[in-house]
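Computed over heavy atoms, backbone and side chain alike; hydrogens, waters and symmetry mates excluded.
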Amino acid sequence: MSDDKDGRLERLSGMLKRRGFLLPAFEIHGGAKGLYDFGPVGGRMRSRINQVWLDHWLKLGNIVEISSPTVTPYAVLEASGHVGEFSDFMTQCLACEEASRADTLLESHHPNPDALKQSELQELLLDVKPACPACAAHDWSKVTAQNLMFNTTIGAGDSGRPGFLRPETAQGMFTSFNALYRHFRERLPFGAVQIGKGYRNEIAPRQGMIRLREFNMAELEYFINPHIPPQADLTSWDHQPMMLIPDSSSPVSLTLADATEQGLIRHPTIAQFIGITFDFLAHIGIDTTRVRFRQHESDELAHYALDCWDAEIEGSYGWIECVGIAHRGCYDLESHENATGKTLRARREFDEPRITTVDAWTINGATAGPAFKAQAGLVKQAVEALPKETTFPCMVTLNDGAMVEVGNEHVKPNQKTIKETGEWYTPHVVEPAFGIDRIIWHVLDHAYQEVNKNDEIYTRMALSDTVAPVDFAVFPLFEKDGMEVQAWDLHQQLCQTRGIVSMYDGSGSIGRRYARADEIGVPKCITVDHQTLEDGTVTLRDRDTTEQVRVSLDSILQSS
RNA sequence: GCGAGCGUAGUGUAGUGGUUAUCACCGAGCGUUGCCAACGCUUGAACCCGGGUUCGAGUCCCGGCGCUCGCACCA
């Protein structure tokens with residue numbers, strides 16, 4: 001897939017390492033596959049992209065930011081389905097140390113061992129004691145979950161309990177649902193975002209930043225009421241057709257409103273989030289002509305998803321999935337509710353109260369209780385199901401099949417009016433999940449420009465101002481005659497301005513310093529020269545045009 | 001995980017089993033220079049790790065780690 005005939009990708013990777021954007025982690029110890037450092041330049045860029053991402057979603061007005069632990073108890077990820085979907089259960093032969101998959105060993109003893117939980121596999125394994133395929137012994141170690149999630153133990157020794165490093169941030173939002181619900185005064189829709197690390201013990205990390213074992217992710221869980229007809233304002237994208245690849249049909253260029261109207265996008269909130277994702281990518285400098293949205297085929301959908309669209313970005317590795325926007329239905333909240341017995345629901349009020357009137361029979365506890373003893377509950381159920389015309393005494397069939405005679409003294413008329421003003425329901429969730437590292441890669445890839453200058457390759461990172469790691473580079477024309485003092489002073493003042501990063505560089509020729517700044521994408525270079533000492537003006541150079549204007553020091557400090 | 005190729009300063013590289021490991025860019029210092037990778041001098045920096053063969057290993061052999069590619073895997 002990677003196409004690097006002219007060596008551009010190699011030169012880009014080399015530059016990113018040399019200039020401190022991205023470096024293989026722990027390199028002095030031999031390195032570690034799938035783990036990267038953001039260096040002195042890349043670290044700043046990453047935090048800027050995170051901030052822009054946050055701002056984009058907070059604009060919706062009903063979004064909060066939370067942060068939950070990466071260390072996650074076993075039970076949480078079992079409830080979410082990740083233990084089943086993400087792990088293989090391993091056991092080790094105590095005689096020869098050969099590791100085997102527990103479910104494979106038990107294949108002839110269970111119709112579908114793959115679907116068993118860890119405890120069930122453990123039990124069955126102890127029960128069956130299958131022979132080791134390697135040495136035919138029958139002693140097996142405890143069953144452990146292994147594979148795509150990083151195992152860990154929470155706590156020490158015997159009191160430790162199993163856990164994982166999270167494979168996604170989403171579960172933290174689901175387990176916090178009740179706190180979020182109260183925070184938003186019990187009104188949907190609302191959402192929670194989280195930016196943080198996720199972990200997957202990939203079998204074979206590849207392609208640099210594309211498949212990592214520890215990665216930065218940014219996710220929104222947006223909770224909506226499925227009983228309200230979905231709507232979203234898509235008009236801001238009416239003049240911006242998107243490249244869409246719907247499930248099992250060919251690519252089309254359509255506005256989000258049209259695609260939703262035609263039913264290609266199955267939910268308007270998904271369409272809205274596709275739009276916001278597009279805007280975000282554009283804002284951080286992704287070339288939007290190289291962005292497309294692809295709908296998952298039905299057999300490709302994750303175990304929880306009803307509909308899913310990926311944002312794919314084209315770069316040096318081809319088209320890469322960088323964002324997934326999934327309609328998860330009520331899957332997650334229900335799963336955690338089932339696992340814990342805690343209620344994870346929202347209340348909706350009916351337009352009109354629903355009034356049910358009952359006019360029939362019920363039991364008279366004072367007499368039926370002593371008469372039917374343990375059966376009294378079943379008798380009550382049966383009697384309440386009888387029509388009003390019933391006359392007593394009569395024979396009544398209970399739910400357990402028994403027949404009892406119920407007398408007049410055991411019953412009394414049951415007349416009541418039940419008024420229900422609303423009901424509890426499980427909200428649905430729409431989740432945009434961003435792979436920040438993959439996005440950063442493509443920002444760098446799209447910004448990297450090689451231009452011919454005096455028959456040499458001149459490198460410039462045309463980074464958007466919003467994500468550039470350094471805002472200003474300040475140079476004294478020469479480090480003498482007081483120019484170095486003025487320049488250093490300006491640099492200091494810029495650094496003390498909120499949100500501004502400045503870099504001082506006084507070594508080498510002025511041209512060399514411009515080149516160094518261009519290579520890491522500094523948008524503006526400021527040069528202090530002799531004239532500065534006389535009239536307080538400096539030259540301000542634009543990275544992309546290389547044009548210079550002479551402006552006063554004060555105007556720079558005021559505008560920044 | 002399997003197979004193939006590769007691993008030398010920050011980057012890119014040269015290197016018949018035998019010097020003080022080559023070259024360029026790069027970084028730092030000094031000087032020169034009135035604004036786009038300029039010049040001069042000085043200087044910094046490397047054989048992935050561990051075993052083995054050998055009088056002697058960057059070079060040959062084995063193992064590990066890492067990188068690239070293919071196959072497998074990939075909510």
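Contact annotation for A/His29: no contact, since no heavy-atom pair falls under 4.0 Å across all strands. Among the atoms of the strands shown, none is found under 4.0 Å from any heavy atom of A/Ser13. Among the atoms of the strands shown, none is found under 4.0 Å from any heavy atom of A/Gly506. Across all strands, A/Phe475 comes closer than 4.0 Å to no nucleic acid atom at all (heavy-atom distances).
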Heteroatom pairs (N/O) under 3.5 angstrom, protein to nucleotides 27-31 of chain B:
{"from": "B/G27", "atom 1": "OP1", "to": "A/Arg516", "atom 2": "NH1", "distance (Å)": "2.5"}
{"from": "B/G27", "atom 1": "OP2", "to": "A/Arg512", "atom 2": "NH1", "distance (Å)": "3.3"}
{"from": "B/A28", "atom 1": "OP1", "to": "A/Ser507", "atom 2": "OG", "distance (Å)": "3.3"}
{"from": "B/A28", "atom 1": "OP2", "to": "A/Ser507", "atom 2": "OG", "distance (Å)": "3.2"}

Please list, pair by pair, any protein nitrogen or oxygen found under 3.5 Å from a nitrogen or oxygen in nucleotides 45-50 of chain B.
none

Review item, nucleotides 9-11 of chain B N/O atoms under 3.5 Å of protein N/O:
{"from": "B/U11", "atom 1": "OP1", "to": "A/Lys17", "atom 2": "NZ", "distance (Å)": "2.8"}

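Distance check on atom C1': B/A45 versus B/C25 gives 13 Å, rounded to whole Å. A gap of 33 Å separates the C1' atoms of B/G50 and B/A24, to the nearest Å. Annotation: B/U53 and B/C61 have their P atoms spaced 15 Å apart (nearest Å). For B/A9 and B/G58, the C1' atoms lie 14 Å apart once the distance is rounded to whole Å. Comparing the P positions of B/C62 and B/G7 gives an interatomic distance of 15 Å, to the nearest angstrom. Taking atom P in both B/C69 and B/U13, one finds a spacing of 16 Å when rounded to whole Å. With P as the reference atom, B/G29 and B/U68 are 35 Å apart, rounded to whole Å.
Protein atom CD1 of A/Ile510 is 16 Å distant from nucleotide atom P of B/C39, rounded to whole Å. Atom P of nucleotide B/C26 and atom CD of A/Glu456 are separated by 9 Å, given to the nearest angstrom. Note: CZ (A/Arg460) to P (B/A37) measures 13 Å, nearest angstrom. Separating the NE2 atom of A/His82 from the C1' atom of B/C74 is a distance of 14 Å, rounded to the nearest angstrom. Here B/C74 presents its P atom at 16 Å from CD of A/Gln207, a figure rounded to the nearest Å. As a whole-Å value, the separation of A/Arg550 CZ from B/C35 P is 12 Å. Rounded to whole angstrom, the span from the CD1 atom of A/Ile210 across to the P atom of B/C69 amounts to 11 Å. In this structure, the CZ atom of A/Arg513 is 11 Å from the P atom of B/A38, given to the nearest Å.
In this structure, B/C39 and B/G31 make a Watson-Crick or G-U wobble pair, each of the two defining distances being under 3.5 angstrom. In a base pair of the Watson-Crick type (N1 to N3 plus N6-O4 or O6-N4) or a G-U wobble (N1-O2 and O6-N3), with each distance short of 3.5 Å, B/C2 is matched with B/G70. With a cut-off of 3.5 Å on both pairing distances, B/C47 has no Watson-Crick or G-U wobble partner at all. In this structure B/U22 sits in no base pair that meets the Watson-Crick or G-U test at under 3.5 Å.
For A/Leu477, whose side chain is taken as the heavy atoms from C-beta onward, the closest listed nucleotide among B/G66, B/U33, B/C35 is B/C35. Of all nucleotides listed (B/G66, B/A37, B/C35), B/G66 comes nearest to the side chain of A/Lys33. For A/Tyr514, taking side-chain heavy atoms from C-beta onward, the closest of the listed nucleotides B/C67, B/U33, B/C35 is B/C35.
Residues forming a salt bridge (charged side-chain N to carboxylate O under 4.0 Å, His left out) with A/Arg19 (at least two apart in sequence, or on another chain): A/Glu519. Residues that satisfy the ring pair (Phe, Tyr, Trp, His ring centres under 6.0 Å) test with A/His336, not counting sequence neighbours, are absent from this structure. For A/His442, there are no ring pair (Phe, Tyr, Trp, His ring centres under 6.0 Å) partners two or more places apart in sequence or in a different chain. In this structure, the side chain to side chain donor-acceptor pair (under 3.5 Å) partners of A/Arg166, at least two apart in sequence or on a different chain, are A/Gln194. Not counting sequence neighbours, the partners of A/Pro246 by the side-chain contact (heavy atoms from CB on, under 4.5 Å) test are A/Ser249, A/Val252, A/Leu264, A/Gln295, A/Trp309.
Near RNA chain B, defined here as any heavy-atom distance below 4.0 Å, the residues from residues 538-549 of chain A are A/Thr539, A/Arg541, A/Thr546, A/Gln548, listed numerically. Of the residues in residues 480-489 of chain A, none lies under 4.0 Å from RNA chain B by heavy-atom distance.
Panel note: side chain A/Asp445, backbone A/Ser316; a donor-acceptor pair is recorded below 3.5 Å. Under a 3.5 Å cut-off, the side chain of A/Arg543 and the backbone N or O of A/Met461 do form a donor-acceptor pair. Looking only at distances, a side-chain donor or acceptor of A/Asp529 sits under 3.5 Å from a matching main-chain atom of A/Thr532. Judged by distance alone, with hydrogens and angles left aside, the side-chain atoms of A/Glu431 form no donor-acceptor pair with the main-chain N or O of A/Ala326 at under 3.5 Å.
In this structure, A/Phe280 has its ring center closer than 6.0 angstrom to the ring center of A/Phe434. A centroid separation of less than 6.0 Å is found between the aromatic rings of A/Phe164 and A/Tyr74. Close placement of the A/Tyr514 and A/Phe475 rings is indicated, their centers lying within 6.0 Å of each other. Between A/Tyr222 and A/Phe273, the distance separating the two ring centers is shorter than 6.0 angstrom.
Contacts classified as salt bridge (Lys or Arg N to Asp or Glu O under 4.0 Å) and involving residues 472-488 of chain A (residues at least two apart or in different chains) are not found.
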All N/O donor-acceptor pairs, side-chain side in residues 534-541 of chain A, below 3.5 Å, sequence neighbours left out:
{"from": "A/Asp535", "atom 1": "OD1", "to": "A/Thr537", "atom 2": "N", "distance (Å)": "3.0"}
{"from": "A/Asp535", "atom 1": "OD1", "to": "A/Thr537", "atom 2": "OG1", "distance (Å)": "2.7"}
{"from": "A/Asp535", "atom 1": "OD2", "to": "A/Gln531", "atom 2": "NE2", "distance (Å)": "2.9"}
{"from": "A/Asp535", "atom 1": "OD2", "to": "A/Thr537", "atom 2": "OG1", "distance (Å)": "3.3"}
{"from": "A/Thr537", "atom 1": "OG1", "to": "A/Arg550", "atom 2": "NH1", "distance (Å)": "2.7"}
{"from": "A/Arg541", "atom 1": "NH1", "to": "A/Asp518", "atom 2": "OD1", "distance (Å)": "3.1"}
{"from": "A/Arg541", "atom 1": "NH2", "to": "A/Asp518", "atom 2": "OD2", "distance (Å)": "2.8"}

Show your working on side chain to side chain donor-acceptor pair (under 3.5 Å) between A/Ser335 and A/Asn338 and close with a plain yes or no.
-> CA-CA 5 Å; A/Ser335 299; A/Asn338 291 338; 5.8 Å; no
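In the model, A/Gln493 has a side-chain atom that pairs as donor or acceptor with a side-chain atom of A/Asp489 under 3.5 Å.
Here A/Glu168 pairs with A/Arg328 in a salt bridge; the nearest charged N to carboxylate O distance falls below 4.0 Å.
Within the structure, a side-chain polar atom (N or O) of A/Ser509 is placed less than 4.0 Å from OP1 or OP2 of B/A38.
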